[in-house]
Amino acid sequence: MKILYYDCFAGISGDMNLGAMIDLGVEKEYLINELYKLKIDTEYEIKIEKRSKNGIHGTKVDVILNNSTLDNHENDHNHDSHHHNHEENHIHRNLKDIEAIINISELSEKVKKLSINMFMEVAKAEAKVHGKDLYDVHFHEVGAIDSIVDIVGAAICIDYLKPDKIMASHIEVG
């Protein structure tokens, strides 16, 4: 049995997850080529490199947005440093917008379904927190291109690795 286990001793972000998946054996060229199938590659560049930080070695994935009107994290996608006072720089997308991007892509049906299921879980949480209907939630963070790449990229990697089971430790929240 192949188990994908997340040891979230320092939390996790979408880019950290993609880097870990590459370290587990997902070919970076495969990930990049599959992400092209979303047909949004004119809006971002993806930078993948080996790094070492605080004695931990791994692969760093950066999603660099090409349009300055999008949510530009100044190439630092640590969401803890994200400032919501730049809300006017975000593209707001709802769940239907994101589903459309995924559904019109050339991704496999399995990756499409997994991606949409992941977004649905986030939408449920956002709807609950904000007291809105599921399809009325507008994602300034999750709807941003980097988050679409992070979540769909995760689905691509999971499909590539084909684990029998996915487990995780408790997540550090600060």
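This one's a predicted model, so the numbers in the text were calculated from it and none came from an experiment.
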message = So Y5 and I166, do their side chains get closer than 4.5 Å, heavy atoms only?
response = no
inquiry  = Return the CG to SG distance between L18 and C157, rounded to the nearest 0.5 Å.
reply    = 5.5 Å
SB check E49 R51 (cutoff 4.0 Å) = yes
inquiry  = Once rounded to the nearest 0.5 Å, what's the spacing between atom CZ of F119 and atom CD1 of I148?
reply    = 5.5 Å
key: In one Ile/Leu/Val/Met/Phe/Trp/Tyr side-chain cluster, 4.5 Å: Y36, I102   = yes
message = If I take atom CD1 from residue I46 and atom CG from residue D62, how far apart are they, to the nearest 0.5 angstrom?
response = 9.0 Å
inquiry  = Would the distance check show the side chain of D97 and the main-chain N or O of N94 forming a donor-acceptor pair, the cut-off being under 3.5 Å?
reply    = yes
inquiry  = When you compare the side chain of V61 with that of I22, does any pair of heavy atoms fall below 4.5 Å?
reply    = yes
query = Got a sec, which hydrophobics cluster with F9, joining ILVMFWY side chains under 4.5 Å apart, including via others?
reply = I56
query = With side chains defined as the heavy atoms from C-beta onward, is the minimum distance between V111 and S115 less than 4.5 Å?
reply = yes
key: Side-chain (K162) to main-chain (D159) donor-acceptor, under 3.5 angstrom   = yes
query = Would you say the side chain of I3 lies within less than 4.5 Å of the side chain of P163, judging by non-hydrogen atoms?
reply = no
ask   = Are any of the side-chain heavy atoms of L4 and K165 separated by less than 4.5 Å?
value = no
ask   = Are side-chain heavy atoms of I48 and K60 found at a separation under 4.5 Å?
value = no
request  = Just do the side chain to side chain contact (heavy atoms under 4.5 Å, CB included) check on L65 and E43 with the steps written out, would you?
outcome  = CA-CA 6 Å; L65 304 175; E43 298 184 45; 5.9 Å; no
note = Rounded to the nearest 0.5 angstrom, the CG-CD1 distance for D7 and I171 is 11.0 Å
task = Report yes if some heavy atom in the side chain of I32 is under 4.5 Å from a heavy atom in the side chain of L35; otherwise report no.
result = no
inquiry  = Taking V149 as the starting point, is it possible to reach L161 by hopping between hydrophobic residues whose side chains are less than 4.5 Å apart?
reply    = yes
request  = With sequence neighbours excluded, give me every side chain to side chain donor-acceptor pair (under 3.5 Å) pair touching residues 21-35.
outcome  = D23-K50, D23-T59, E34-K37
ask   = Any ion pair linking D41 and K39 (charged N to carboxylate O, less than 4.0 Å)?
value = no
note = Taken to the nearest 0.5 Å, the spacing of N103 CG from I98 CD1 works out to 12.0 Å
message = In this structure, would Y6 and I156 fall into the same cluster of hydrophobic residues linked by side-chain contacts under 4.5 Å?
response = yes
task = Determine, step by step, whether M21 and I158 satisfy the side chain to side chain contact (heavy atoms under 4.5 Å, CB included) criterion, reporting the C-alpha distance in whole Å, the side-chain angles of both residues, the deciding distance to 0.1 Å, and the verdict.
result = CA-CA 8 Å; M21 294 290 199; I158 289 168; 3.7 Å; yes
request  = Please round to the nearest 0.5 Å and tell me the distance separating atom CG of D15 and atom CG of D146.
outcome  = 8.5 Å
Where K112 and L107 come nearest, the two heavy atoms and their spacing = CE-O, 3.2 Å
List the atom pairs, with distances to 0.1 Å, where a side-chain N or O of residues 129-136 and a protein N or O form a donor-acceptor pair under 3.5 Å, not counting sequence neighbours.
residue	atom	partner	partner atom	Å
H130	NE2	E126	OE1	3.2
D133	OD2	Y135	N	3.2
Y135	OH	E99	OE2	3.2

request  = Evaluate the side-chain proximity of K124 to M120: yes if any heavy-atom separation is below 4.5 Å, no if none is.
outcome  = yes
